[in-house]
A.B. asks: 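Sharing a structure below in structure tokens format, with a few things to ask.
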There are 2 protein chains.
Amino acid sequence: MTAPKTTIAEKLQTKFDSLTRAERQLANSLLDNYPVSGLASITTVAQNADVSTPTVARMVQKLGFKGYPEFQRALRDELEARISNPIAKHDNWATTAPETHILNRFADAVIQNMRQTLGQLDPDEFDGACAMLADKERCVYIVGGRITRALADYMFTHLQVAREGVSMIPSNSNTWPHYVLDMKAGDVLVVFDIRRYEHDILRLAELAKERGVEIILFTDQWSSPVSKFAIYRFNCRIEVPSAWDSSTATLLIVETMIACVQDRTWNITSDRMEELEKLFDRTRLFRKFI
Amino acid sequence: MTAPKTTIAEKLQTKFDSLTRAERQLANSLLDNYPVSGLASITTVAQNADVSTPTVARMVQKLGFKGYPEFQRALRDELEARISNPIAKHDNWATTAPETHILNRFADAVIQNMRQTLGQLDPDEFDGACAMLADKERCVYIVGGRITRALADYMFTHLQVAREGVSMIPSNSNTWPHYVLDMKAGDVLVVFDIRRYEHDILRLAELAKERGVEIILFTDQWSSPVSKFAIYRFNCRIEVPSAWDSSTATLLIVETMIACVQDRTWNITSDRMEELEKLFDRTRLFRKFI
DNA sequence: AAATTTCTGTAAAATATGTTGCAAGAACGA
DNA sequence: TCGTTCTTGCAACATATTTTACAGAAATTT
């Protein structure tokens, strides 16, 4: 076969950007548990996606099919090729790469982690932590361990844009006393601590707590000992088919939290972002002359 | 459901003896490339089996279904159980929070990003990049931009455990020439560059390329200009309901890649990890005496 | 803020699908 | 061979599906 025939899934993904709101909703619904979900009647498909029947009819035409029946036939043909020929093709990962490919296994595990993490997460606690981080009266300190330093750094970079008074506590624990010195009651310390919990971090948390600092903890399902000092604790699932752990679920929560904080402080954040853009422009201009 | 549900295929086989001539013909046609052949309309199924439509209708009733639609639904359900999309269905992420809570909206978007990222990713390219990173003859350099620095750092921390000869190129571009000086043909440079592409990084990539360094690029769907120097490029989806972008999909690919490299270098990696553990222990012991 | 364009759902028309009654035909036993 | 019983397909009917037309809503542009 010379012409690489594109699957409907690929078509949906490629054209996703050019789809309208209702159509995207439909595309997502179709891709959820693809391709079986597309084999029901047009009415059922529409109901599952919470859109009207005509939306389905229109979208399949947009994808290049004459009508819904033709679309379904294509879907069936695809399925037939996939089932009767389980190993052969390798063109599209999502539909044809072997189940055992590490991408598949890893993605499976990560999704599982995300689901469990979100399932256990208390939205009220989440909102509480966001409110605390959005409170401009409180200074925010962020610290991470050997592995989680990257997550801490990520959060720092983004929070720093959203509001003022955010500090990253560096890895070198010798400098930590300087930071503790500045902490005052009501300030917030965000701690990342996942297994192989680090003793230094526990000590830091203890010191901070003594000064009346509120601690937000990101940890794994087994909970870092820091939790006894924390006001909010988020347990993220981290297990994957690998010799070490995954940070994806944690990053998801961190990103969502940043988005939430940014929402709450939007009037300030938008100004800061604008100003930041200007500063970048000036830096660039500056460089040109060097 | 506790009772072991018999598949339609089983039912057909069990009841085969009690079926009539035309019905057996139909049953054979259905079992031939099962279950896809049963997903077409009753008319099509009848034609494929060279029997009349009523024969089909009667047989499905004989099998215990109320009518043809019910029979088809059972087939679809069976298929669903058999094929499950790696990025499974999202029913409710944060079950205790409303659908519109940012946790749910964000999770939706992130899943969508992962799905699209994985859908567009070529497994061969992925494997190729892993092989390159696992090749101990090549030194590996990793660089990230303002936002992606955290990802670069994360990859560095993990790759450093898996193999030797891994360097992190720091943010301060003034020091970059020192690193370029050490790069030799065949080395690998992993570049993270997502929108608001950074000019300095482009220059670095160009310099590296000139020295015969192979470049692996992680970028967004719009592709950083670095791609013209890259041998492997991974486009990750980054859009979320927020003022800036998500790194979750990128992290997923990075983590999977780390796991894959670790697999390939396992004989070396396991030794290194063991040694690392010992070093940690000794450091801890050391501290106790201070 | 008004106007234009685009999108989306309701409702009705067109079409295909699924079901049932009936008569012709095949199979089987006497 | 005949008669009985069971099977099968045709055709009409009922039902569900798919499509089209249209108007209100939403988004976008001017």
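Sequence lines set the chain letters: A, B, ... in the order given, protein chains first and strands last, and positions in each chain run from 1.
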A.B. asks: Check B:E198 with B:R146, please: is the shortest side-chain N to carboxylate O separation under 4.0 Å?
C.D. replies: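 Looking at B:R146 and B:E198, the cut-off is not met.
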
A.B. asks: How many Å lie between CZ on A:F71 and P on D:dT18, as a whole number?
C.D. replies: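 Result: 11 Å.
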
A.B. asks: Round to a whole Å and report the spacing from CD of B:Q47 to P of D:dC10.
C.D. replies: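 Result: 11 Å.
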
A.B. asks: Between P on C:dG18 and CG on B:L39, what's the gap in Å once rounded to a whole number?
C.D. replies: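 After rounding, the reported distance stands at 12 Å.
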
A.B. asks: Among C:dA11, D:dT18, D:dT8, which nucleotide sits nearest the side chain of A:S41?
C.D. replies: D:dT18

A.B. asks: Assuming nearest nucleotide by heavy-atom distance, tell me which of B:Q61 and A:V51 is located more 5' along DNA chain C.
C.D. replies: A:V51

A.B. asks: What protein N or O atoms touch nucleotides 12-14 of chain D N or O atoms at under 3.5 angstrom, if any, and at what distances?
C.D. replies:
none

A.B. asks: Side chain of B:I42 only, heavy atoms from C-beta on: which candidate in D:dT8, C:dG18, C:dT8 is closest?
C.D. replies: C:dG18

A.B. asks: Rounded to the nearest angstrom, tell me the gap between atom OH in B:Y68 and atom P in C:dT19.
C.D. replies: 10 Å

A.B. asks: Between A:T55 and C:dG9, is there a contact of a side-chain N or O with OP1 or OP2 at under 4.0 Å?
C.D. replies: yes

A.B. asks: Are a donor atom and an acceptor atom from the side chains of A:T248 and B:E255 found within less than 3.5 Å of each other?
C.D. replies: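 There is such a pair (donor and acceptor under 3.5 Å, judged by atom type) between the side chains of A:T248 and B:E255.
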
A.B. asks: Report the distance from atom CG of A:L26 to atom P of C:dG9, rounded to the nearest whole Å.
C.D. replies: 10 Å

A.B. asks: Can a donor-acceptor pair be found between the side chains of B:S247 and B:T250 at a distance below 3.5 Å?
C.D. replies: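 No pair is found: no donor N or O on one side chain lies under 3.5 Å from an acceptor on the other.
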
A.B. asks: Between A:R58 (CZ) and D:dA21 (P), how many Å, whole number?
C.D. replies: 12 Å

A.B. asks: Hey, is B:K62 close enough to B:E23 for a salt bridge, meaning N to O under 4.0 Å?
C.D. replies: yes

A.B. asks: Quick one: sort the A:H158 and B:W244 rings into parallel, tilted or perpendicular, breaks at 30° and 60°.
C.D. replies: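 The rings of A:H158 and B:W244 sit tilted, inter-plane angle from 30° to 60°.
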
A.B. asks: Starting at CD of B:Q25 and ending at P of D:dT7, how long is that distance when rounded to a whole Å?
C.D. replies: 15 Å

A.B. asks: If you compare every side-chain N and O of B:T20 against the phosphate oxygens of D:dT8 (OP1, OP2), does one of them come in below 4.0 Å?
C.D. replies: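 Yes, because at least one side-chain N or O of B:T20 sits under 4.0 Å from OP1 or OP2 of D:dT8.
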
A.B. asks: Nearest to the A:P69 side chain among C:dT19, C:dG9, D:dT19, which nucleotide is it?
C.D. replies: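 Minimum distance to the A:P69 side chain belongs to D:dT19.
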
A.B. asks: Whole angstroms only, please: what is the NZ-P distance between B:K66 and D:dA16?
C.D. replies: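 After rounding, the reported distance stands at 9 Å.
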
